Structures are given as C-alpha cells and as structure tokens.
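Structure first, commentary second.
One-based numbering, in listed order, for ligands and for the atoms of each. Please read these numbers as outputs of a predicted model, since none were measured by experiment.
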Amino acid sequence: MAKSNHRSNNKRRSGYRKPSNNLAMGQRRSDSSLEHTPIIELDIDSLSYDGKGIGRLNGRACFVEGSLSGEKVKAQISAANNKRVEAKLIKVLEPSPERVKPKCSVYEQCGGCDLQHLSHNQQIQHKQSIVEQLLCRNACVDDLRWLDPIITSDAGYDYRRKIRLACYYDPSNNQLNIGFRAAKSKKIVAVSECQVMTPQLKSLVQALYQLMGDLHEQLDQPKLLREFAHIECVADQDGQSVCFRLLKPLPTGVMTLLENWAQSQGVSLWLRIADKPLERYQGNLSTTNLDLKNGVKIAYTPEDFLQVNAQVNEAMVASVLQQLDISIDDRVLDLFSGLGNFSLPAAYLAKDVLAVEGIDEMVEKSLENARLNGIDNFSASVQDLFNEEALSWLDQGADKIILDPPRAGAELIAQNIGRTNATKIAYVSCNPQALVRDTKWILEQGYQLESATLLDMFPQTSHIETLVIFSKC
Ligand SMILES: C[S@@+](CC[C@H](N)C(=O)[O-])C[C@H]1O[C@@H](n2cnc3c(N)ncnc32)[C@H](O)[C@@H]1O
C-alpha cells in the first residue's frame, strides 16, 4: 500500500490529539463548571463497589472518584442531595500506601481503567470484599468459602484482546479522532498506547492508527472519513481481526486500500455497513484456542461476545468444569452460552450438553464450533432467557447448570432453577448486585452456596467478575 511521503508538510495532517499528562500523582485537572462550589478536605474510609473513595461529610456519604481508603484528600463538591455528596478530587494530601502511579499516559482522560491508581493486589482484595459484604448484608451468606482468586499475570496489564474504537471525523477543522470515549462524555481519547491491551492488540491498534492517518492524508475527499463509525478489533496469540462499522459504503479505491492493509498485516477484515448484515471482506474466520485438557477451538467474528481476558477465561472455564464435577452420565445446561465457551469443553466430559443463548447468529456459530471440534453431543437453541418461555428449558431437567448472564443477571432463571433438579450450578457474574439478588432466589430454591472465586477478568478497572458454585442441599 502506497504511503504518503509528504507527511510533515501536508496541510491535511491527521489530527490525533495526544493528551499530555504532566500532573503530579493524584492531582486532578481543574474543571471550570465547578468554580463556585465548596472545596473540602476529607478523610476517605472505604471504597465503593464502583471504585470511588467514600468519606463522611456532615453525616452524608461523600464519594470522591480517584481517592483511596485511608487517604486524606482535597476535593470540590460537584453534586449533593440529602443522602450523598459527589466531589471531584483536587489533590491527595495524604496518600494510601496502596496508591501506585498509573502506567497509562491518558489515565485521567480515558476513564476506562478507573482503578489504575490502586495496587493490583489491593484491587483484587477490594473486589472480593465488596462481593463478600453484599452477599453477607443482602443474601445473609456469612460463612462463604473463598477459593484463591484467578489472577491476571503481568501485574494486571497486557490482558485485553478485544476493543471497540470510536471514530469521528470533524470536517470543520479536518480533525480525525479515533479512540475510546472518555468517561461520561462523548469526547474521544486516543489510545494507541493503551497499557491493558495484549501486545498483539497494541500492535494491531498502532497499525490501524497508521492506516487511518494515511487515509486522512491521502484521500482526495477526506469527508469520506465521516463514514467510519467504529472499529472493532480482536488480537491474541491465535490471530487478529478487525471490523469497520461504516455509515455508508466506501468507494472501491478506499476499499482496496483497506483490503491491501488487511492483507499486509495478516488481519481478517470484516465490514458492517449501516444495518446490513456483517460481511467478511478479507481473510479467514478467526479462531481462538481454549488451552484446556481437551483443547477447544472457538471461531468468532470481531462483533461476537468474546471474553476479553484469554488467560483468566481459560482458568475460569477449567475451574467451572472441575467444580461442577461433570461426569459422563451428566446432562449439562449452559444458559447464556454465547459461542460455546463453557458448553463445548463441558461436552467432552458430559453425556450431553444443551446451550441456550439469545442471539441466533451466536447459536449458529456455537453449532459450527461443535462441528469444528468434532463434538456430537452438543445441541443449541435460541431463546430470550428473560422471557417466561425460557422456563421450558428448565422443565427438561439437567444435572449440572452453567449460568453466565449479562449485567442484568438471571432473575427469572434463578427464581425457577429448582425445577431442573440440578445438583450443582456454576454462576459467573459480571455484576455483584445482580449476583446477590439472584443468589437469594437460588438459596430459596433449596441450594447452598458452596464456594466463591474472584475472577480478575478486568484488572485496573472497577468491574467485578465472580464465580460462585451452588449445590443442592
Ligand atoms: C456474559 S456473556 C457470556 C457468553 C458465554 N457464556 C461466554 O463465556 O463467552 C452473556 C451472553 O448472554 C447473551 N444474552 C444476553 N441477553 C440475553 C437474553 N435475554 N437471553 C439469552 N441470552 C442473552 C449474550 O448474547 C451473551 O452471549
């Protein structure tokens, strides 16, 4: 692919904004909207489930993002009601020994990794204690057996294999912005150096920045760049794929540039134009390997749900299979099954596995994945599991159940899970509040909570992922 030789004197230079980060540790940018609100000094005594420091201010809880338990901070009030106050951190006056310097240069702007200022070990302990407190307070579970957490290596960096980049071309200033959306804002923050991406994803994203910068320079009509809405990227040691989400089709010449780029990088290239179906434009369907006892290949497209942390995912799947103690006589029901991440490895151990999932393309792909792995005791169905009709799957019975719902949890399933007569349930949760609500229902159905494991799926962020195992009383 031809690249511009005139980068330094081209008037339409690509306009990536490289935000500077020359603030002292723990010091925050000033915010002009807060000019007239009170400035306070506050002792922070705990951390909320979403990673904000909490202090007491005149009897009310005061939340300060970016502060840590045990710190004294200077902050400016940004919102208040009868029960709670929100304040913006100005300066950490007395830092916690657990405070660390974030590795990321755009940490302040991005908002993606809201706990990067807390040591990795302490992040894990904090998340575990949040789940423990919630289960104790709201589901009366007080003697919970915690297994060792499943931890991301490399101090919780270099783990993320999948991202979505937002694109916005502003013709008024000929500026092309590509990156993550800033927290609570539509602003786009450039992230070519993002520290939580896998090394493979980092290289892919840098190559994409280069490609888009070259397009910006070379296109006769740069306003064509307005057609780029998002770029989905996946890269791990098994391969890399990219999907451009476009508002309108691009001219053949531009498509050829994208195709040549994908070919030179060894990237599978996908397109979704407006609301048309996803199309594979160049290269093969990517697969990722689950390196378990019976290695499983999972084929995916860049738009599919794929667990972002391959290392923790592999250990999580292994732990679920081991704790469910699946035997050759067992019928396994995998609800919210996606591409078959749990159900395909389970099929090697069980008599048969039924996977149920809401998106029909995912169900199709899980069936293809079963064929790809030579698995013939696997079936899959499309079902909205928030709908009463889902209960028919429970009435068919199962010996072991895997539940891995989205953030909303699986309340309807939890309320009726006793209908299956399953002896063990593995519940993987990405939302502790939904987990606690559903736990109450599952306990009422005659189960006990056997163990819990904190999954370090999203280090540096306040997202909490937990695996809990229930067994029939
Ligand atoms: C957290 S993902 C887990 C996927 C899979 N278990 C895995 O490990 O890759 C949740 C899955 O639930 C599916 N889902 C979301 N809402 C659903 C619904 N109402 N009914 C059925 N499936 C749903 C999503 O499509 C997604 O595949």
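- The protein heavy-atom contact nearest to atom 16 (N) of ligand 1 is P406 CG, 3.7 Å.
- If you number the atoms of ligand 1 from 1 as listed, the ones under 4.0 Å from a heavy atom of Q383 come out as 20 (N), 21 (C).
- When only non-hydrogen protein atoms are considered, atom 25 (O) of ligand 1 lies nearest to E357 OE2, 2.6 Å.
- In terms of protein heavy-atom proximity, atom 4 (C) of ligand 1 is closest to F336 O, 3.5 Å.
- Counting heavy atoms of neighbouring residues, nucleotides and ligands inside a 6.0 Å radius, atom NZ of K351 does not exceed 12 of them.
- If you look at S337 next to ligand 1, the close heavy atoms, those under 4.0 Å, all belong to the backbone.
- Distances below 4.0 Å separate heavy atoms of M362 from the following atoms of ligand 1: 27 (O).
- Closest to atom 10 (C) of ligand 1, if we only count protein heavy atoms, is D404 O, 3.3 Å.
- Seen from the ring of Y157, K103 counts as a face-on cation partner, given the 6.0 Å and 45° thresholds.
- Interface of N341 with ligand 1, defined as ligand atoms under 4.0 Å from a residue heavy atom, comprises 7 (C), 8 (O), 9 (O).
- For atom 19 (N) of ligand 1, the nearest non-hydrogen atom of the protein is D384 OD1, 2.9 Å.
- Remark: H463 engages F458 in a ring pair (Phe, Tyr, Trp, His ring centres under 6.0 Å) (not counting sequence neighbours).
- For F342, there are no ring pair (Phe, Tyr, Trp, His ring centres under 6.0 Å) partners two or more places apart in sequence or in a different chain.
- Of all the atoms in ligand 1, the ones that sit under 4.0 Å from a non-hydrogen atom of P405 are 1 (C).
- Among all protein heavy atoms, the one lying closest to atom 20 (N) of ligand 1 is L385 N, 2.8 Å.
- In this structure, R84 forms a cation-pi arrangement with F63, its terminal cationic atom sitting closer than 6.0 Å to the ring centre and no more than 45° off the ring axis.
- The shortest heavy-atom distance from L339 to ligand 1 is not under 4.0 Å.
- Only side-chain heavy atoms of I359 come within less than 4.0 Å of ligand 1; its backbone N, CA, C and O stay farther off.
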For a salt bridge (charged side-chain N to carboxylate O under 4.0 Å, His left out) check, start with the C-alpha distance between R226 and D170, then their side-chain angles and the critical distance, and finish with the verdict. CA-CA 8 Å; R226 276 194 301 201; D170 186 349; over 6 Å; no
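- Counting the atoms of ligand 1 from 1 in the order shown, those under 4.0 Å from a heavy atom of G358 are 20 (N), 21 (C), 22 (N), 23 (C).
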Could you walk me through whether E65 and K88 satisfy the salt bridge (charged side-chain N to carboxylate O under 4.0 Å, His left out) test, starting with their C-alpha distance in whole Å, then the side-chain angles of each, then the deciding distance to 0.1 Å, before giving a yes or no? CA-CA 7 Å; E65 199 172 331; K88 194 168 164 54; over 6 Å; no
When you look at E86 and K52, which way does the salt bridge (charged side-chain N to carboxylate O under 4.0 Å, His left out) test go after all the steps? CA-CA 10 Å; E86 295 277 347; K52 292 179 181 167; 3.5 Å; yes
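- Residues F386 and P406 come closest through the heavy atom pair CZ-CG, 4.0 Å.
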